[in-house]
**Student:** 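Sharing a structure, written as C-alpha cells. Questions coming.
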Amino acid sequence: MSKKVENKRGVVARKVKGFRDIDSNLNQLKWKIINAASEVYKKYGFEHWDTPVLEYADCLGKYLPDEDTVDKGVYSFKNPELEPVLRADGKELRDDDAHVVMENAFLSMRYDLTSPLARRYAEGLLEKYQRHQLGQLKPPLFRRYQFGPVYRYEIKLGPGRFREFWQLDFDNVGTNDVAADAEVCMVLSDALEAIGLPRKSYVVKVNNRKILTGYLKDLGVENDLDEQNIIRVIDKMDKIGLDNVALELAGGRTDSSGAAIKGLNLDANLVIGIVDFIKNFSNQKTRQEVLADLRNLEIKNETAQDGIQELEKMDKILSTLDFDEERVIFDPSLVRGLAYYTGPVYEVESLQTYIDAKGVERRIGSICGGGRYDTLVENLLGIKVPATGGSIGVDRLAELLMLTNQAPKRKDGPVFIAYFDEELVPLYQRMARDLRDAGIETEVYYGMDKKKMKKQMAYADDRNCPFVILVGSNEAEKGVATVKNLKLGKELSNTISDKKEWNERVQKEIPMAELADYIKGEMG
RNA sequence: CCCCUCGUAGCUCAGUUGGUUAGAGCGCCUGAUUGUGGUUCAGGAAGUCACUAGUUCGACUCUAGUCGAGGGGACCA
C-alpha cells in the first residue's frame with residue numbers, strides 16, 4: 001500500500017454487500033446469454049416487455065411490511081410522496097368530510113419478474129372493466145418475455161448468491177392449455193442450447209404438483225399449510241437424501257454440523273406413504289415408464305389423475321417434436337419450493353461438474369425454473385387467470401459457463417491511437433473518425449502521462465488492443481502511420497528476444513489514406 | 001440466525017516451543033531502451049501482522065471479545 005492518505009471528506013468508497021460490479025468480460029458473457037435466449041423466446045412469439053424495479057408492496061404479493069425496513073427478504077421503504085389511498089374498486093378512499101385519504105405507501109423492489117407481470121396484467125384488466133364485470137371475463141392471452149435485475153435481501157450470501165441478480169423470464173398469462181406447459185420445456189431447452197450448452201449437459205425435469213397434492217389428499221393431508229411444509233421438505237431431496245427427508249417429515253434430525261433440525265412430526269403411516277411415493281421415482285426412467293408407474297399406483301384422487309393426464313399430454317407433444325429423454329424427463333419427486341405453483345413444474349438441472357479451488361468436484365445444480373401458477377393474478381384481482389412460464393437464472397448460468405471454461409474468450413479492445421504531439425491531436429481525431437466510419441472501434445489516448453510511450457503501450461496491451469497506431473512528427477511529415485500489430489507481437493514474443501527485430505517484424509508504415517482499409521483487411 | 005475454519009504487502013501465501021531488524025512469488029514503480037507492450041537485467045516503494053482488551057520481562061504467535069471472509073446448516077416469494 002502506498003502512503004496513507006487522509007480522506008478529507010471522510011467517506012470510504014465501498015460497494016454494498018451482496019451487490020456486484022460487473023466488468024466488461026462478465027458483461028460480454030451475460031449479454032450473450034440474454035441475447036441468445038431472447039432470440040429463442042421471440043421465435044416462439046413472446047413479446048419483449050419491461051416493468052419498473054419499484055412496485056407497491058401490496059401489489060407484489062403476500063409481503064406487507066409494517067416497518068420502514070427490509071421485511072422477509074424484500075427491500076421495502078415508504079414512498080416519500082403522499083398518495084391517495086385506493087379502495088378495492090379502484091376509487092379513492094375518503095374520510096367523513098369527503099377529503100381524500102392520503103398516505104405514504106410502501107414501495108418494494110421486485111424480487112422476481114413474475115409478480116410485476118401479474119400486476120401489469122391485472123392493471124390492464126382493471127383499466128378496461130369495472131370490478132364487478134371481471135367475474136364473467138374470459139381473460140385475454142398475454143405472452144411476454146422480460147429480463148432485468150431483481151432484488152432479495154438474502155441473509156447468507158455465497159458464491160452465485162447475490163442480493164441483486166438477473167432473471168430472464170417468459171410467461172403465458174391467460175391459458176390453461178397444457179400444450180403451453182410442454183412449450184415452456186421446449187423453450188427452455190432450445191434457449192439453453194442456443195446459449196451454447198451441449199445436448200445432455202443439462203436436463204429439463206418436469207412434474208405436476210397435482211399428482212403429489214392428490215396423493216397427499218388420499219393419505220389424509222387436507223390442510224394447505226401441511227402440504228406446503230411437506231413440499232418444502234421433499235424439495236430438499238437432492239441435497240439431503242431420502243433418509244433425511246424421512247427424518248424431517250417425522251421427528252427431525254441432527255445434521256453433520258450438530259445443528260438440530262426440527263421435524264414436521266407427521267404420523268408414521270403418512271411418512272411411510274410419502275417416502276414410498278418418492279422411492280418409486282428415485283431411478284432415472286423414461287417418461288413412458290414414469291407414466292406407467294404413476295398409473296400403477298392407482299391413486300383415487302381426481303386431482304392426481306388430472307395431473308397424470310396432463311403429463312401424458314405433455315409427453316405426446318414432446319415426443320412428436322422429438323424432445324426425448326435426452327432433453328426432458330419426468331420426475332414425480334420434483335416439487336420446487338415455491339408455494340404458488342398449481343400444476344406442472346419444471347426445473348433445469350445442469351449435469352456438468354467442475355473442480356473447485358480445493359480440488360473438490362462440485363455440481364452446479366439448478367439453472368432454470370418454472371411452472372404453472374393459476375392463482376397469482378387471482379390474488380390481486382379475485383378472478384382466476386391461469387398462467388405458466390419459465391425463467392433462466394442469468395447469473396447462475398454465467399457462473400456455470402465460467403466454471404466449466406465455456407465462457408467466450410476475452411474480447412479485443414479498440415484500435416489504439418498513441419499520442420506524441422499536441423499539434424497532431426486534430427490529426428489523431430481525424431484518423432479515429434475515419435476508422436470509426438469504416439466500422440472499426442477506435443480510441444485516442446487521453447491518459448495523464450502522455451509523455452511516456454511505454455505507459456501508452458502498456459495501456460493498449462492491458463486493454464487487449466489488436467493494433468496501435470503511432471504517428472509522431474516523422475510519420476506526419478511523410479503522410480504515413482506506423483501500425484503496430486500487438487497480437488502478432490504477443491505471438492512472436494516467445495521466439496524473439498531482440499527488441500529491434502521484434503519491432504521491425506511487427507510494425508509497418510502505411511500511407512494515411514489507406515489506413516482504414518489496411519486495418520480492416522488485417523482484422524479480417 | 002446456528003456450527004466449523006480462517007484473517008500477515010495490491011494479490012497468493014511462508015513465518016521455527018512466545019525472543020530482538022516480519023519474508024517469498026506475482027504485481028507495482030524507476031532505469032538499461034528520453035518514439036514502443038513481451039523477454040532479460042539492475043534497483044526501489046510498500047505491512048499498526050483485522051480490531052480491542054488481557055496473560056507475559058517480551059505477543060504476528062497464547063486467551064477472550066468485536067468486526068470481516070470462506071465452508072456447512074436453517075431459510076429462500
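Values in this document were obtained by computation on a predicted structure and should not be read as measured data. To find a chain, count down the sequence lines: A is the first, B the second, and so on, and within it residues start at 1. Side chains included, hydrogens not; waters and symmetry mates left out as well; all remaining heavy atoms used.
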**Student:** As a test of reading the structure: which of B:rC29, B:rA77, B:rA74 is closest to the side chain of A:I240, going by heavy atoms?
**Tutor:** B:rA74
**Student:** Taking only the C1' atom of each, what is the distance from B:rU8 to B:rA14 in whole angstrom?
**Tutor:** 10 Å
**Student:** Between B:rC57 and B:rU20, how far apart are the two C1' atoms, rounded to whole Å?
**Tutor:** 13 Å
**Student:** Touch check for A:L492, heavy atoms < 4.0 angstrom, all strands: base, sugar-phosphate only, or nothing?
**Tutor:** nothing
**Student:** Ring stacking, A:Y459 with base of B:rG37, under 5.5 Å and under 30°?
**Tutor:** no
**Student:** Have a look at A:N172 and tell me which of A:R372, A:R144, A:R143 forms a side-chain hydrogen bond (donor to acceptor under 3.5 Å, both in side chains) with it.
**Tutor:** A:R143
**Student:** So, is A:R152 near the phosphate of B:rC76, with a side-chain N or O under 4.0 Å from OP1 or OP2?
**Tutor:** no
**Student:** Go through the N and O atoms of the side chain of A:R161 and the base of B:rC76, and report whether any donor-acceptor pair is under 3.5 Å.
**Tutor:** yes
**Student:** State the pairing partner of B:rC26; accept Watson-Crick or G-U wobble contacts with both distances under 3.5 Å, and report none otherwise.
**Tutor:** B:rG10
**Student:** Quick one: label A:N474 by what it contacts on the DNA or RNA (base, sugar-phosphate, nothing), any heavy atom closer than 4.0 Å.
**Tutor:** base
**Student:** Applying the 5.5 Å / 30° rule, does A:Y111 stack onto the base of B:rA77?
**Tutor:** yes
**Student:** Which part of the nucleic acid does A:E491 contact within heavy-atom distance under 4.0 Å: base, sugar-phosphate only, or nothing?
**Tutor:** nothing
**Student:** In terms of relative ring orientation, are A:F416 and A:Y459 parallel, tilted or perpendicular, with 30° and 60° separating the classes?
**Tutor:** tilted
**Student:** Could you tell me whether the phosphate oxygens of B:rG37, OP1 or OP2, come under 4.0 Å of any side-chain nitrogen or oxygen in A:K499?
**Tutor:** yes
